[in-house]
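Reminder, nothing fancy here: chain letters follow the sequence lines and each chain counts from 1.
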Amino acid sequence: MNSFENLIAESVAATGVFRAEEVLALLSIPQETTHGNFSLPCFALAKTLRKAPKVIAEELAAKLKLPAGISKAEPVNGYLNFFIDREFLARSVLSEIAEDKLSFGHAALKQKNVVIDYSSPNIGKELAFHHLRSTMIGNSLARIYKASGYNVIRINHLGDWGTAFGKLIVMYLRENRATDEKTLDSLTVKELNILYAAFSKAAALEPNLEEEARAAFTKLESGDAFYRKLWEAFRAATLKELMRIYKMMGVEFDHYTGESFFENQIPAVLEELKEKNLLVKSQERDVVMLDEFDLPPCLIRKSDGSTLYATRDLAAALYRKREYDFARCLYVVDLGQSLHFKQVFHVLQKMGYEWYQDMVHIPFGVILQKNEEGKWEKGKTRTGNSNLLRDVIEAASEKILAYINEKNPNLENKAEVATQIGISALTFNDLKNRRLMDVKFDWDSALSFDGATGPYVQNAHVRLCSIMRKADYESKAEDVSWEHLADDYAYELVKILARKGDRILQACEAEEPSILAQYALEIAEAAHRFIHHDRVLGSPEEKSRLFLVQGTQLVLENVLDLLGLFPIRAM
RNA sequence: GCAGAUGUGGCCAAACUGGAUAAGGCAUCUGGCUACGAACCAGAAGAUUCCAGGUUCGAGUCCUGGCAUCUGCACCA
């Protein structure tokens, strides 16, 4: 599509009224299809040319020599509207898709590294439902960056260090649990979850328990072998369950370098901060002042000497720059933590690292649920509803499976497909709106099968695959009569497919998966319409239409994949 | 109090970054399966884009001032 814009810009520039760059900047894609494929507003020049925009557009249209592929340039109310030749567009787009297959619309390799930090749950707890956001936004951004030509390093910055482990250790020992290797090996996250709950309950009655937990963590941090052993067992137990869920969701990471990984790099960070005279004592704690940025100080070390979130993030940032020399380093973390990231980035700036500018917080809104009064509320679920991710996924899968049993009982791998549709439905519900918006979650719309949903998009893909299966041959560009792909339904679909590259670029620049989610809906809608109105198999246009079906299937499959949805072929 | 995010039909929301008649979905109402998969399609109805000013050919979008909801603000991560 870019090439069309360039062609238009050149031909308009040849009239001498606009410069090519001006045309490219002004050229837009109208919402109304009756206004053509591209539109050039002529208002900006009205003053300098001392002519009405309407007249400028008319004169331009008269002088213009139409470039190849543009069938018409029509002046309307001060706009000059360009219409692409339908057959020309179908031929150029579909031939390119047939050539590039799934990578149609992807950008050329850039030799640049992008680090993406996402999911990053705390060890010792099971994944909660709200973890879906960071996990799936990060997962999609990683895929989008890859399609945009970057080398992506996916990092799960596990919360596997900190006072929380003091709590677990205190509680574990207090309950006199066995500490032999066999028992520790068979620990499960469930047990750890129960320990946490027990700690909170006990701490409410005995305030000094919090103190004990902090002391236990300090002991762990100072290298106590026995405490270390317990910690390792807690970590391993959680990681096992985490990996199981990630695998089920189709989410992968290159590194599980959590906070503990940076433990031994912290002294060097403290040393460097001291050397650069940034560390200030305040109420027995070490902080970096950020007054010049109108921010509260960044807390580096507690009064008992142990470190904090920010300290470890600093160590991690330095390590990542050293190890991966990133062009960009993303933190997919909820909006509530923007202050923390601002502080960390500014500390890096004060340390003299120019690349602090490449560090980006990718914030997103929280998941809200309806309470009894019908108001949207954060976090807490209604009584009886679990907020564990695995339970939500299971409930989703069950609902889908029941539906499959009703609609298509002979489907192979029913249970597996149901899980994939369920996860995709939850994911799509999460990605379909701009990430800064809070997700208003309710079961009915998140798991509904129709409308702007995951199943709607997957169903379009399934129907396309079904037609291809039945046709049982591959249509080639040579088989196609392009005039068979010039009717309204085919043309609208081709027009949407043509924009794939634009949409990926846009999603990457805005770091916004919802742009591709909306695009997936556009494709699905046009595809459903096309195969509903234009009979493929057995029609005189069969081979031509099949070529469009094939191209649409490839584009949709890849877009689903970029979103982290399962592009299933039968449901 | 300070800072950030959000505010668009009954509900959820989009708008290519300042362009033409403000998408789409849910819910409601009408039609369409002996039909390449109806998890679909076709149609109807529903809007002072939170309020007040401003900038300009043109504002949901930019500026100023309000209002409302949510979140964060030093020893959790």
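- A tilted orientation is assigned to the rings of F345(A) and Y331(A), their planes being inclined by 30° to 60°.
- Remark: the separation of the C1' atoms in A13(B) and C36(B) is 33 Å, to the nearest Å.
- Put simply, R312(A) has a side-chain N or O that comes within less than 4.0 Å of OP1 or OP2 on A77(B).
- Of all nucleotides present, none satisfies the Watson-Crick or G-U wobble test against A45(B) with each distance under 3.5 Å.
- Using a 4.0 Å heavy-atom cutoff across all strands shown, I404(A) reaches at least one base atom of the nucleic acid.
- Note on N81(A): a base of the nucleic acid sits closer than 4.0 angstrom, heavy atoms only.
- Among the protein residues, A471(A) comes within range of no part of the nucleic acid, since none of its heavy atoms lies under 4.0 Å from any strand.
- If you check every strand for non-hydrogen atoms under 4.0 Å, Q458(A) touches nothing.
- One atom, CD of E211(A), and another, C1' of C76(B), lie 14 Å apart when rounded to the nearest Å.
- A sub-4.0 Å separation between OP1 or OP2 of A5(B) and a side-chain N or O of R435(A) is absent.
- Residue-nucleotide stacking is not present for Y79(A) and G19(B), judged by a side-chain ring centre under 5.5 Å from the six-membered base ring centre and planes under 30° apart.
- S282(A) comes within 4.0 angstrom of a base, heavy atoms only.
- Backbone-only engagement by R529(A) is indicated by non-hydrogen atom pairs under 4.0 Å involving sugar-phosphate atoms exclusively.
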Could you tabulate the donor-acceptor pairs under 3.5 Å formed by side-chain atoms of residues 73-81 of chain A, not counting sequence neighbours?
| unit_1 | atom_1 | unit_2 | atom_2 | d |
| --- | --- | --- | --- | --- |
| N81(A) | OD1 | S39(A) | OG | 2.8 |

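- Residue contacts for T163(A): at a heavy-atom cut-off of 4.0 Å it reaches the sugar-phosphate backbone alone, with no base atom in range.
- As judged by a 4.0 angstrom heavy-atom cut-off over every strand, Q337(A) is placed among the base-contacting residues.
- Contact of the Q458(A) side chain with the Q420(A) side chain is not registered, since no non-hydrogen atoms from C-beta on lie closer than 4.5 Å.
- For H533(A) and R301(A), each mapped to the nucleotide of RNA chain B holding its nearest heavy atom, the one lying further toward the 5' end belongs to H533(A).
- As the counterpart of A68(B), U6(B) is assigned, both hydrogen-bonding distances of the Watson-Crick or G-U wobble pattern falling under 3.5 Å.
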Set out, line by line, the N/O atom pairs under 3.5 Å between protein and nucleotides 14-18 of chain B.
| unit_1 | atom_1 | unit_2 | atom_2 | d |
| --- | --- | --- | --- | --- |
| A14(B) | OP1 | R434(A) | N | 3.3 |
| A14(B) | OP1 | R434(A) | NH1 | 3.4 |
| A14(B) | OP2 | R434(A) | NH1 | 2.7 |
| A15(B) | O2' | Q31(A) | NE2 | 3.4 |
| C16(B) | N3 | I29(A) | O | 2.9 |
| C16(B) | N4 | I29(A) | O | 2.4 |

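- The residue L299(A) sits close only to the backbone: its heavy atoms come under 4.0 Å of sugar-phosphate atoms, none of a base.
- S539(A) comes within 4.0 angstrom of nothing in the nucleic acid, heavy atoms only.
- C33(B) has its base syn relative to the sugar, with a glycosidic angle deviating from 0 by at most 90°.
- Across the strands present, U56(B) finds no partner; the criterion is a Watson-Crick or G-U wobble pair with both atom distances under 3.5 angstrom.
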Between the protein and nucleotides 31-33 of chain B, list the N/O to N/O atom pairs that are separated by less than 3.5 angstrom.
none

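- Annotation: of the two residues near RNA chain B, R285(A) and S445(A), the 5′-most nearest-nucleotide partner is S445(A).
- Base pairing annotation: G37(B) forms no Watson-Crick or G-U wobble pair, as no partner gives both donor-acceptor distances under 3.5 Å.
- For W376(A) and C11(B), the shortest distance from a side-chain N or O to OP1 or OP2 is not below 4.0 Å.
- Nucleic acid contact class of R503(A) (heavy atoms, under 4.0 Å, all strands): none.
- Counting non-hydrogen atoms under 4.0 angstrom, L26(A) reaches nothing in the nucleic acid.
- Counting any heavy atom pair closer than 4.0 Å across all strands shown, D450(A) reaches sugar-phosphate atoms only and no base atom.
- Nucleotide G1(B) forms a pair with C73(B), judged by Watson-Crick or G-U wobble geometry with both contacts under 3.5 Å.
- The distance from atom CZ of R545(A) to atom C1' of C36(B) is 12 Å, rounded to the nearest whole Å.
- Residues Q518(A) and E522(A) have side chains that never bring a donor and an acceptor to within less than 3.5 angstrom of each other.
- The H528(A) side chain lies nearest to C40(B) when the options are C40(B), C70(B), C12(B).
- Nucleotides G60(B) and U21(B) are separated by 11 Å at their P atoms, to the nearest Å.
- The side chain of R535(A) has C36(B) as its nearest neighbour among A38(B), C70(B), C36(B).
- Contacts of F43(A) with the nucleic acid, taken as non-hydrogen atoms under 4.0 Å apart, include base atoms.
- Taking atom P in both U8(B) and A52(B), the straight-line distance is 16 Å, to the nearest Å.
- For A5(B), its base never sits under 3.5 Å from the side chain of S338(A) at any donor and acceptor pair.
- Note: CD (E406(A)) to P (A38(B)) measures 15 Å, nearest angstrom.
- Taking the ring centre of Y196(A) as origin, the terminal cationic atom of K125(A) falls inside the region bounded by 6.0 Å and 45° from the ring axis.
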